[in-house]
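Every chain is numbered from 1, with letters handed out A, B, ... down the list of sequences. What you see below is based on every heavy atom in this structure, not just the backbone, and it leaves out hydrogens, waters and symmetry mates.
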Number of protein chains: 2
Amino acid sequence: MSAKSQQDRRREQRTQVRRAILDSTEDVLLDGGYEAFSIRRLVDRCGYTAPTVYHHFGDKAGLLDALLAERYAKFARTLKRLQHPDDAVEHLRAVAKAFVRFGIRHPDHYQLLFMPRAPDHAPPAVADEMRVQLDQAWSQLWEAGRLRSGGPESAAQSLWSLCHGLISGQIFRPDVTWSKTVTDDSIDALLLGLVSPEAERTPNRSRPAKARA
Amino acid sequence: MSAKSQQDRRREQRTQVRRAILDSTEDVLLDGGYEAFSIRRLVDRCGYTAPTVYHHFGDKAGLLDALLAERYAKFARTLKRLQHPDDAVEHLRAVAKAFVRFGIRHPDHYQLLFMPRAPDHAPPAVADEMRVQLDQAWSQLWEAGRLRSGGPESAAQSLWSLCHGLISGQIFRPDVTWSKTVTDDSIDALLLGLVSPEAERTPNRSRPAKARA
DNA sequence: GAAATCTAGCTAACGCTGTTAAAGTTACAA
DNA sequence: TTGTAACTTTAACAGCGTTAGCTAGATTTC
């Protein structure tokens, strides 16, 4: 029992150190932004030295990935709460808008999660979960014959691209006065253009076929 | 006469040096990509030393801006050739698609022109010309009452965001297998969702009100 | 209990980056 | 000839991500 508890205590200490480093990472990130973040600044803040950080996280990317995995988990939970299991279009609309809002409110996290530093460096695997989730909704619409043109991949990538463009535009061009409705307007418009209303295909029109899509 | 010609010769020498540095910049950029570009690599290639580059271009951003101003001028000329003065929607469609195609074919130039390195660093002023040109088309549609919702700013920023998202997605995620039709599909869909067909507004319904937009 | 092993953290350094101060060189003007 | 201005260089600064090599301490093994 003692041996086991010793191991546990050591593991606990390890996670405590990781916790402290991650918290300082978040601090530095928050008050300097992504561009200003550096290992030097981090170790000045958290008291440890650079090699300790490397010992625990491998390299800078590993450190940021670890931080982002936590943040993404939180975000994924809020996205799960938005599900409209009965209406694929409303599901896509809600997730897309929430996603854009998240990106604009947390530009540093967004950059780390979805804007790879180099073309070959893929973002953390956890960031693809959402895409898979959305792909399901698109397949559903495709099987229901409600995509006006193109396949479900094309539609999924369209919405994905629009969201990314909305976020990075508003992040990187604060000098532009962005329309307050651009996010809602563009997502609504794209869905309107991609998806045909339910009534067009199913002959039974028990429901009034929706004012929106 | 002699004095003047001397001055001219000096100016000519100056532009020659600038030309040589810019050409080497292009070379380094082409075979290493944007990430791998550095002043050191540049001066190794072009024979001059770093302070010479700084003397002529101010700093790294100035050097890249100078290169990009040239490249953008070429690009703007090809865009001008696409104008459909009689049909604002077709004009927007053609310019948007050409723009995305340009971005994907010249990722390094695109990054420099439209992806500022820091949130406060605005892209070169020359890059805004196109936006102004497109804004005119949107105002035209707005005045014709053909925007389904939102104002012309919102619509313009929607299309702009979509284009940017399409390009940066396909640049930075070569691991994803992008749909070959995603650019056309998404631009068509967004325009379809943003702009109502001409017949909807004018009471005379001589045309069947919906082939494309 | 003593020896071997493993872990965590440190100091100091490497090679790279953008940038610049200061000095030397060259060409033209007075 | 002397002065002035532009041009180019050498040498360096401050910062970056990263790592080799060492020490102190805890854990395991004999």
Side-chain angles (χ1 to χ4, degrees), chain A residues 1-22 24-25 28-29 32-68 108 111-112 116-118 120-121, chain B residues 1-22 24-25 28-29 32-67 111-112 116-118 120-121:
Chain A
M1 162 216 158
S2 151
K4 188 74 183 290
S5 117
Q6 301 279 16
Q7 269 193 9
D8 284 358
R9 218 183 40 175
R10 230 179 32 180
R11 205 169 307 175
E12 193 181 324
Q13 272 187 6
R14 182 178 175 84
T15 66
Q16 268 183 12
V17 175
R18 283 176 63 100
R19 178 76 276 127
I21 295 176
L22 284 175
S24 299
T25 302
V28 176
L29 219 44
Y34 168 64
E35 298 288 331
F37 177 82
S38 78
I39 299 286
R40 248 85 164 185
R41 258 186 253 265
L42 165 62
V43 301
D44 284 351
R45 166 101 51 155
C46 74
Y48 293 97
T49 56
T52 300
V53 175
Y54 281 85
H55 180 272
H56 283 279
F57 294 98
D59 61 357
K60 187 184 181 184
L63 169 67
L64 296 173
D65 285 358
L67 175 67
L68 268 283
D108 296 318
Q111 277 185 79
L112 294 169
R117 272 68 73 195
D120 58 329
H121 177 284
Chain B
M1 161 217 157
S2 151
K4 187 73 180 289
S5 114
Q6 301 279 17
Q7 270 193 6
D8 283 359
R9 215 184 42 171
R10 250 210 337 211
R11 203 169 310 175
E12 192 180 326
Q13 271 186 6
R14 180 178 176 84
T15 66
Q16 268 182 11
V17 174
R18 284 176 63 100
R19 178 78 276 128
I21 294 176
L22 284 175
S24 299
T25 301
V28 176
L29 218 45
Y34 168 65
E35 298 288 332
F37 178 83
S38 79
I39 301 286
R40 247 87 164 185
R41 260 186 252 264
L42 165 63
V43 301
D44 283 352
R45 166 101 52 154
C46 75
Y48 292 97
T49 55
T52 301
V53 176
Y54 281 84
H55 180 261
H56 284 279
F57 293 97
D59 61 357
K60 187 185 182 185
L63 168 67
L64 295 173
D65 284 357
L67 175 67
Q111 278 185 77
L112 294 168
R117 271 69 72 195
D120 58 328
H121 177 285

Side-chain atoms of B:S38 come closest, of C:dT19, D:dC16, C:dT17, to C:dT17

Open item on the list: For a 4.5 angstrom cut-off between non-hydrogen side-chain atoms, does A:D65 reach A:F57?
Closed with: no

Sub-3.5 Å pairs of nitrogen or oxygen atoms, protein against nucleotides 7-9 of chain C:
residue: C:dA8; atom: OP1; partner: A:R14; partner atom: NH1; Å: 3.1
residue: C:dA8; atom: OP2; partner: A:R14; partner atom: NH1; Å: 3.3
residue: C:dA8; atom: OP2; partner: A:H55; partner atom: NE2; Å: 3.1
residue: C:dG9; atom: OP2; partner: A:H56; partner atom: NE2; Å: 2.6

Residues passing the salt bridge (Lys or Arg N to Asp or Glu O under 4.0 Å) test with A:R18, sequence neighbours excluded, are none

Residues 49-60 of chain A vs salt bridge (Lys or Arg N to Asp or Glu O under 4.0 Å), sequence neighbours excluded, gives none

Between CD of B:Q16 and P of D:dT8 the distance, given in whole Å, is 11 Å

Would you be so kind as to tabulate the donor-acceptor pairs closer than 3.5 Å made by side chains of residues 38-53 of chain A, with sequence neighbours excluded?
residue: A:S38; atom: OG; partner: A:R40; partner atom: N; Å: 3.4
residue: A:S38; atom: OG; partner: A:R41; partner atom: N; Å: 3.1
residue: A:R41; atom: NE; partner: A:A36; partner atom: O; Å: 2.8
residue: A:R45; atom: NH2; partner: A:D31; partner atom: OD2; Å: 2.9

B:F37 CZ to C:dG18 C1', in whole Å, measures 11 Å

Rounded to whole Å, the CD1-P distance (A:I39 to C:dC14) equals 21 Å

If you define the side chain from C-beta out and look only at heavy atoms, does anything of A:F37 sit under 4.5 Å from A:L112?
no

Check: So, is B:Y54 near the phosphate of C:dT19, with a side-chain N or O under 4.0 Å from OP1 or OP2?
Finding: yes

Here DNA chain D, pairs taken as Watson-Crick or G-U under 3.5 Å and shown with ( ), [ ] when crossing and | when to another strand, reads ||||||||||||||||||||||||||||||

